[in-house]
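Taking it in order: structure first as structure tokens, then the write-up.
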Amino acid sequence: MIPVTQQFKDAIYSPSRKTAAKVIFDILDVDSHTDATASVTSESSFSKKSQIFNQVREMSGKLATLEHNYWKLDGSFSLPPKPEETGFEVGWWSDALCGPDGRFGNYVEPLSFLSFGSFVSFFDDLPMDEFPQSVTVNFTKDHSSIGITITFDPMTNEYAEEFTIDVYDSSNALIHSETVAGNTLTKYILEQNLSNFRKVVITITKWGTGYRRARITEVDFGIITEYTGNELINLNVLEELDPISNTVTSNELKFTVDNQDKAFNILNPNGIYPFLQRRQKVMPYMGVEKANGLTEYVKMGVYYLNEWKSNEGTLTASFTARDIMDVLAQDDFAGNTYTSKTLYYIAEEILTAAGITDYSIDIALQSIVVTGSIAKMKYRESLQFVVIAGTAVIYSDRVNGKVIIEQLSSVALEETIDFDNVYNPPEIKLDTLVNTIYIDSGSTIYTYVDPQKPVGEQTLSVSIKNTLITNSTLANTVATWILTEYKKRFLYEINWRMNPALEVGNIVTVEDEFGENKTVRITKQEFEYAGYLSGKTNGKGGGA
Amino acid sequence: MAWDTPKTDWDKLDYYNHGDINRVENNTNYLADYIATFDERPGITGIKIDWANTDIPFSGDLNKLEANIRVLRDTFTGDPAGWIELKTNWISLDKFDYVDANRLETDLVLLKQMAENVSAALLNCGNFYCGEGTEL
């Protein structure tokens, strides 16, 4: 369950509630951030200029320096990380400070010195902080985007007031120059169709406050748009999780936005359509207005754009996006043979081969050693072999889209889906009875029969094939786990008001007409927002 | 090096500037020199009194500041009344606020008072005291 405030919990189950939704859509060139390198005029000792392309748009904190009247003693400022320390987000900080009026380089009167015939040597003698501070971004190939977004320092609400953005093509010809004056935004968005650029130079001439370093947290090649209120026509989030990993699916996001300005029309030369790319990041949020009038949002995951279309008749545009599990289903893992390797090792190998760097693997998999093989297959399928052998599940987390492999907790939350929040009493069906598990390792078929199977009862079996389960001990463990899950035969379907803080895999109590009120593991959630939130939750629970 | 009047009424609306760290370092050094007039000079290290607005204070610098004050304190037996325990385990991203700023300078004020009291109470060679014993 996503952590939320008590006010959120009160509001989401209140008889009268006002729900909200928003979508943050990164309309960026998807390859530019990995192709970009930066050179800068100066850099502070703890600055990390390479971080301005890592798509993290917030520093690790308000970082304390001795710039004049900057380090406020209200407890909000943190000591900066040491230069050699990693794991902190700092972005680029110039070494040079601006003058009292915020200007970098305003002391220079070039023309008056030209007559001395030593213009260049004069500049060489100037202290560094008398020059404008710039970041030059170079690419190895052409990129196109609908603009450029520069995030200065939102945490301290500081920004460059005057700066230029110069964009060059592969022949170093200037294709666009933007001079900005009077900026007061910590996130500046240049909306301009930029095609086939190879170099971008951001030159900061004036900072919003005197005696400051220039600093940039992130540069995005494109624009980051937020759709909310009337702009967001509807939003649908589908989450699924199979507790025994028999199927590994990707979650799906569908949303429709207002397109009256025809920005998403194919033929609009000034529109966004040409800059839409598969795998652009989309992050949906759902929230509720609390008693204090503020809306608290819950992030519903990180998704990657898959399909889009302009609906000419309704002047809307529709989008479909899926989470990282869909990306893992696109390409093949080459396969490998393992001798006495932990499942943790194998999972890490597959994820690394797939180019996934942001993941978390349950340490329980470090103690499960296997000897087996995985044939060439999709990354997602190969990971499915690992998680089944590890009695675990795999999914993409809500917060940052990280791939999570974990054994599910069997602890129920103190959450109840009660009759006050359902549209109809839950529909409850009984799942198929299973009393025998067959596990095919490729060379051996292990059979596990439920010890509680009555004598003479018909064999009702489930078969799985997994070439990592090659010994009877592990086969027994996996079969017991599967059978235990199959014994939770009560299948629930609940149409209700929904709580966005609940996640698939959570165990909640569900009120029913007979007072049984069983605990149910959520296996599927479909959130529907169209001005208000509703949806459907599926789950498995109960005993044999 | 003269004693620089400390600021002990830091508030959450105040800003910490390079002059403030210089003052703490200066007064730490002053007290070490002062103690050296009547005792062994405390082994403070890395005194820096030229902090500038271009400098960046890292956790190690804060640990050094507080450790030096601790060294001064260890010259004496017992804490001065009102002593605030020092923090010498700063790490990156720790938050430094007005409470911390007050601690540094309040403790230095207390140490100065204690050092002056000790100095004033010292028996110097040739001084003649009477009236407390039973015999001359």
Side-chain angles (χ1 to χ4, degrees), chain A residues 42-48 58-100 102 104 127-131 133 155-158 207 209-215, chain B residues 4 6-26 28 46-68 84 86-108:
Chain A
S42 73
E43 188 171 27
S44 170
S45 62
F46 72 96
S47 164
K48 290 188 169 48
E58 208 166 67
M59 292 185 201
S60 293
K62 289 183 184 178
L63 302 178
T65 70
L66 294 173
E67 292 158 43
H68 183 67
N69 281 353
Y70 172 69
W71 180 357
K72 200 171 187 179
L73 293 178
D74 59 357
S76 66
F77 277 79
S78 304
L79 298 177
K82 296 173 194 166
E84 69 276 14
E85 286 182 312
T86 56
F88 300 97
E89 187 67 25
V90 295
W92 170 66
W93 291 58
S94 72
D95 191 40
L97 271 63
C98 62
F104 292 98
M128 184 65 96
D129 59 353
E130 297 192 1
F131 290 97
Q133 293 299 301
M155 296 201 85
T156 58
N157 194 32
E158 292 212 358
W207 195 254
T209 311
Y211 302 113
R212 292 285 184 273
R213 289 178 172 81
R215 50 191 186 273
Chain B
D4 193 354
K7 177 175 169 57
T8 55
D9 60 348
W10 287 103
D11 182 78
K12 62 184 175 186
L13 297 178
D14 290 331
Y15 293 95
Y16 213 57
N17 287 305
H18 66 281
D20 303 310
I21 294 193
N22 281 333
R23 183 173 59 252
V24 171
E25 297 253 27
N26 172 79
T28 302
I47 288 292
K48 173 179 166 65
I49 53 169
D50 59 351
W51 285 93
N53 63 352
T54 51
D55 286 331
I56 297 159
F58 295 109
S59 54
D61 299 307
L62 266 292
N63 286 330
K64 183 212 71 180
L65 273 183
E66 304 222 27
N68 276 341
I84 307 166
L86 294 159
K87 173 177 166 65
T88 54
N89 59 351
W90 290 99
I91 58 170
S92 298
L93 291 194
D94 275 357
K95 294 181 191 303
F96 180 99
D97 64 13
Y98 70 100
V99 174
D100 302 301
N102 279 325
R103 178 180 63 251
L104 294 176
E105 304 215 53
T106 300
D107 280 353
L108 284 170

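Lettering of chains follows the sequences in order, A, B, ..., and the numbering in each one begins at 1.
- Tested against A:Trp93, the residues A:Glu43, A:Met59, A:Gln133, A:Lys48 include a single side-chain contact (heavy atoms from CB on, under 4.5 Å) partner, A:Met59.
- Summarising the geometry, atom CG belonging to A:Leu66 is positioned 4.5 Å from atom CD1 belonging to B:Ile21; distances are rounded to the nearest 0.5 Å.
- What you find for A:Ser47 and A:Gly91 is that their closest heavy atoms are OG-O, 3.5 Å.
- In the model, A:Arg215 has no side-chain atom that pairs as donor or acceptor with a side-chain atom of A:Thr65 under 3.5 Å.
- The part of B:Ile91 that comes within reach of chain A is its backbone (N, CA, C, O), which places non-hydrogen atoms under 4.5 angstrom from that chain.
- Contact of the A:Trp71 side chain with the A:Leu79 side chain is registered, since non-hydrogen atoms from C-beta on lie closer than 4.5 Å.
- Counting non-hydrogen atoms of other residues, nucleotides and ligands closer than 6.0 Å to NZ of B:Lys48 gives a total above 12.
- Against chain A, the residues from residues 57-64 of chain B that qualify, each with a non-hydrogen atom under 4.5 angstrom away, are B:Pro57, B:Phe58, B:Ser59, B:Gly60, B:Leu62 in number order.
- No close placement of the A:Tyr70 and A:Tyr211 rings is indicated, their centers lying 6.0 Å or farther apart.
- No other option in A:Asp95, A:Asp74, A:Asn69 has as many heavy-atom pairs under 4.5 Å with chain B as A:Asn69.
- The CD1 atom of B:Ile47 sits 8.5 Å away from the CG atom of B:Asn26 when rounded to the nearest 0.5 Å.
- From B:Asp4, atom CG reaches atom CG of B:Asp20 across 9.5 Å, with rounding to the nearest 0.5 Å.
- Each of B:Ala52, B:Gly19, B:Ser92 has some count of heavy-atom pairs under 4.5 Å with chain A, and the biggest count is that of B:Ser92.
- Side-chain N/O atoms of B:Asp50 and B:Asn22 include no donor and acceptor closer than 3.5 Å.
- Contacts between residues 93-102 of chain B and chain A, counted as heavy-atom pairs separated by less than 4.5 Å, involve B:Leu93, B:Asp94, B:Lys95, B:Phe96, B:Asp97, B:Tyr98, B:Ala101.
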